[in-house]
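Worksheet: one structure, shown below.
As the structure is a prediction and not an experimental result, all values here were calculated from the model. Computed from heavy atoms alone, side chains included, the values below leave out hydrogens, waters and symmetry copies.
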Amino acid sequence: MGSSDHPLVLQLHQLTRRDVALVGGKNSSLGEMLSQLGSAGIPVPPGFATTADAYWHYIDANHLREKIAALVTDWQARRSTLVETGHAVRSLFLHGRWPQEEEEAIRTAYRELSLRAGTADNNLNVAVRSSATAEDLPDASFAGQQETYLNVSGAEAVLAACRRCFASLFTDRAISYRQAKGFDHLGIALSVGVQQMVRSDAPGGGSGVMFTIDTESGFDQVVLINAAWGLGENIVQGTVNPDEYQIFKPLLQDPQLRPIVKKDRGSKEVKMVYGDATTPTRNVPTSKAERDAWVLTDVEILTLARWACIVEKHYGCPMDLEWARDGATRQLWIVQARPETVHSQRHDAASSFTTYHVRKRGRVLAIGVSVGDAAVSGRVCLIETAQDIDRFVAGSILVTRATDPDWVPIMKQAKALITDHGGRTSHAAIVSRELGLPAVVGVGTATYILHTGQDVTVSCAEGDVGFIYEGSADISTQVVDLASLPPSRHTQVMVNLANPAAAYRWWRLPVDGIGLARMEFVVANTIQIHPMALVHFDQLAKPETKKTIAQLAVGYTHNKPDYFVDKLAQAFAALCAVFHPRPAIIRMSDFKTNEYASLIGGDEFEPHEENPMLGFRGASRYYSPRYREGFALECRAIKRLRETMGFANAIVMIPFCRTVHEAEKVLAVMAENGLARGEAGLQVYMMCEIPANVIRAAEFTRYFDGFSIGSNDLTQLTLGVDRDSGELADLFDEQDEAVLWMIRRAIDVARQQGCKIGICGQGPSDHPEFAQFLVEAGISSISVTPDSFFAVKKRVVACEEMMGGDGSRAKVVQGQ
């Protein structure tokens, strides 16, 4: 209805993203996907939208302009409070009458939508959502400020919901946000979208959100998906801790690959389902089976990720989407899409890099999901309910159960945020990101273990896991201008990475790849279980060990070893993804027996050794009956990483290989487990860390594609100094002449044999000047810790310039 020039209602498929002024950001985006992306396979539920003209028509028919203006003017002049003003304006809307033409237009559109959906009784269940004409702008996010109503059925209920949506343009938080952003309160209209409901509340139904960018680091090569059972409001509200999946975008185009780099199971304690006429939706507890199960299958994860990439390509910017799965039909739908508004506004992100370092920290009080990458110390202010918001002390660290838009005013005054509930896409996380506020969400017990007046440190600078430390830590920052770093010409500078949870924070570094990814870090911190305890789970002697393993390996009831393979492959996928397609050198496990024994179940499989540093470690384990089955799981994980997930940039490295004969045996065992050197482009490197590796280097080159010097062990074994001995610490010197001779000899042989050789020991990280010796010796690559990268990179470039453009060694005195 309405004139053709000023329609009151339009079908969503008639709209495009150019219609923001007509139907708001949310509805114009839905229309864009229906009209432009349907042919690309993006399924969006049908619906209709009231227009901005309908909003003004309602206001003018009820003579509201002057009344609203007067109420807002009184508030701006401090003659009334925000609460009083908001309530008064909303009451004007709620008590208004529908103009006859507008009411009939909505009734007709709803009746036609019901008929198209096969609901002849004009009783289709719909979602009624607000869509402001200033919504989803690049420099302002109005998301969550206006209301959404789910499971609305019948024309009368739809009209009532539309009226409440109009009124929600003047919630207290919306008024204050517009005032802060300088928007005219009577210059913004509101469109209402009425969309067929997806029955995600039905058994087997689920919903969630996804981003085409890592929401914390801004890493733009992954899709992040959150998923929970039931209707989707719980995820945004932070009521549940959802499943989280990450997918690597560049490998999605190959239908044979499954590049799911992360799967974290959320607790999902409740789900939102349909209610009754009085309460259209309600939360009910989930079953234990639902909590233990993944919401999405791998096929569904990849399908959603591919759709997200199609939408992102069409819009030309990172996207924030909502999805739902119908429990009855199992069909997936995209129900909303909007531009991502946080990282898209960080124009300086590509040119500078800031790191936070937390030192002298107290004990860990709690952990949760990290939001942002900063760290702060401060005093706790615990606020349990929104009714007590006025008690918040500005500049404190806000601790609460969860947040919604009512909390935004005090979030702006907070130093950091800690919540019991919520995931990476909860309201608390989204708003904290927008405000640049470090937050740790989904802690679970924050309001139980923390108290007002307590001094704590909130650290989001250590990857996906956020830490709350006791007391005030020493926090320092470093800002580096990435554009000021010139490239090195002959010597690659790589990084040592071990923690997959922290990998994405380094994606902007101009590194040449990962020179060392330590498997034992992942096993100890992510998997926690001795691989042989998984292989021989039924034979374990201790009931408490079996119980602990069963709790960790939820979902792997019938095949415990798959837990090890899946977790290991996903962890290394995150590392391989961050600098893909540059190489990532993965060192197979190099635990000592005492370290293996400390893993869950490990004490039943490890021998006692007086000197584990020189004992049953590295290559000798891989073909031994004591560990051969465990090594087979390591090989399975690498095979899955390279061939199923598609990370062919992964290079395998063998540690502590004592003899040439041992090299033969290890390569044979690897081939038995599907990792044959040379097949599918697989390269195998060897750690050069034993004097025998240097002495027989030419022979080892027949078995390996490259060497990586482990300066710690090489120093230890050359000088006969236990690197862990405090009494001998003064003698442990990686720049001792004997050690330098070993390194120089290894480099010379490798270059003569046409074999790559790098270094991944601690020496260049602790002593950047050590890099000068390595470059002059002709090393292929230097791999250092990320916080040492800038200093070493500059030293390498300076040394190359001193040597001349041809890379030849300069006749200078080496600094030994």
Side-chain angles (χ1 to χ4, degrees), residues 251 254 256-261 500 513-523 527 531-532 534-535 559 561-577 580-591 617-688 700-708 755-756 758 760:
L251 298 177
D254 189 335
Q256 304 302 315
L257 300 178
R258 293 194 172 195
I260 303 171
V261 300
I514 297 174
L516 174 65
R518 303 196 315 273
M519 184 175 290
E520 54 270 16
F521 183 95
V522 175
V523 174
I527 298 173
M532 296 294 283
L534 291 164
V535 172
N559 197 336
D562 278 355
Y563 168 78
F564 185 94
V565 175
D566 287 350
K567 290 295 184 183
L568 194 58
Q570 289 166 18
F572 281 130
L575 295 174
C576 288
H580 185 274
R582 287 161 281 178
I585 302 172
I586 297 171
R587 189 176 71 188
M588 306 302 272
S589 64
D590 191 26
F591 278 128
R617 61 175 286 200
S620 61
R621 299 183 65 94
Y622 304 158
Y623 54 85
S624 167
R626 278 187 175 272
Y627 190 73
R628 190 170 183 142
E629 293 165 302
F631 184 64
L633 299 187
E634 297 181 21
C635 292
R636 280 178 53 195
I638 299 299
K639 185 175 177 66
R640 181 171 300 177
L641 169 72
R642 286 177 50 83
E643 299 177 16
T644 303
M645 303 170 102
F647 290 99
N649 61 323
I651 296 171
V652 170
M653 184 155 67
I654 305 300
F656 228 75
C657 186
R658 293 174 169 93
T659 69
V660 172
H661 181 56
E662 192 165 57
E664 293 175 342
K665 294 168 75 171
V666 169
L667 290 176
V669 173
M670 288 177 59
E672 289 174 10
N673 289 287
L675 289 181
R677 178 188 172 206
E679 288 188 6
L682 175 64
Q683 295 184 60
V684 183
Y685 284 19
M686 182 190 78
M687 289 290 294
C688 184
F700 278 112
T701 60
R702 298 203 303 266
Y703 299 93
F704 297 104
D705 301 287
F707 295 153
S708 185
C755 184
K756 298 174 184 176
C760 60

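How far CD of Glu662 is from SG of Cys657: 5.0 Å, rounded to the nearest 0.5 Å. Taking CZ of Arg636 as the reference point, atom CG of Asp566 lies at 8.0 Å (rounded to 0.5 Å). With rounding to the nearest 0.5 Å, the separation of CG in Leu251 from CD in Gln256 is 13.0 Å. In this structure, Ile585 CD1 and Lys756 NZ are separated by 8.5 Å, a value rounded to the nearest 0.5 Å. Taking OG of Ser620 as the reference point, atom CZ of Arg626 lies at 11.5 Å (rounded to 0.5 Å).
Contact of the Tyr627 side chain with the Pro531 side chain is registered, since non-hydrogen atoms from C-beta on lie closer than 4.5 Å. Side-chain atoms of Cys688 and Phe700, non-hydrogen and from C-beta on, never get closer than 4.5 Å to each other. Looking only at side-chain heavy atoms (C-beta outward), Met588 and Ile638 come within less than 4.5 Å of each other. Residues Arg640 and Arg258 have side chains not in contact (no heavy-atom distance under 4.5 Å, counting atoms from C-beta outward). Side-chain contact check for Gln570 versus Met645: some heavy-atom pair is nearer than 4.5 Å. Using a 4.5 Å cut-off on side-chain heavy atoms (C-beta onward), Leu516 and Arg587 make contact. Looking at heavy atoms from C-beta onward, Leu568 lies in side-chain contact with Met519 at the 4.5 angstrom threshold. In this structure the side chain of Thr659 never reaches within 4.5 angstrom of the side chain of Glu664, judged on heavy atoms.
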Chi angles and distances behind the side chain to side chain contact (heavy atoms under 4.5 Å, CB included) call for Glu634, Val523: CA-CA 10 Å; Glu634 297 181 21; Val523 174; over 6 Å; no

Residues Tyr685, Asp705; criterion side chain to side chain contact (heavy atoms under 4.5 Å, CB included); working and verdict: CA-CA 5 Å; Tyr685 284 19; Asp705 301 287; 4.0 Å; yes

Quick one: do Phe707 and Thr701 satisfy side chain to side chain contact (heavy atoms under 4.5 Å, CB included)? Show the steps, please. CA-CA 8 Å; Phe707 295 153; Thr701 60; 3.6 Å; yes

List the steps, then state whether side chain to side chain contact (heavy atoms under 4.5 Å, CB included) holds for Leu641 with Cys576. CA-CA 9 Å; Leu641 169 72; Cys576 288; 4.1 Å; yes

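Minimum heavy-atom separation, Phe572 to Ile586: CZ-CG2, 3.5 Å. Across all their heavy atoms, Val565 and Leu633 have their closest contact at CG2-O, 3.8 Å. In this structure, Tyr623 and Arg628 approach most closely via the heavy-atom pair O-NH1, 3.6 Å. Between Ser708 and Met653, the shortest heavy-atom distance links the atoms CB-SD, 3.3 Å. Between Cys760 and Gly515, the shortest heavy-atom contact is CB-O, 4.1 Å. Closest approach of Ala574 and Val261 over heavy atoms only: N-CB, 4.1 Å.
Remark: side-chain polar atoms of Tyr563 are paired, donor with acceptor, to backbone N or O of Ile527 under 3.5 angstrom. When atom types are taken as modelled, the side chain of Tyr622 and the backbone of Ser589 share a donor-acceptor pair closer than 3.5 angstrom.
No salt bridge links Asp590 with Arg621; every basic N to acidic carboxylate O contact stays at or beyond 4.0 Å.
Taking the six-membered ring for Trp and thresholds of 30 and 60 degrees, Phe647 and His580 have ring planes more than 60 degrees apart, a perpendicular arrangement.
Lys639 pairs with exactly one of Leu675, Thr644, Leu682 by the side-chain contact (heavy atoms from CB on, under 4.5 Å) rule, that one being Leu675.
In this structure, Lys567 places its NZ atom where more than 12 heavy-atom neighbours from other residues, nucleotides or ligands lie under 6.0 Å away.
Legend: residues meeting ring pair (Phe, Tyr, Trp, His ring centres under 6.0 Å) with Phe591, ordered by chain and number and at least two apart, are Tyr596. In this view, Arg702 satisfies the salt bridge (Lys or Arg N to Asp or Glu O under 4.0 Å) rule with no residue, not counting sequence neighbours.
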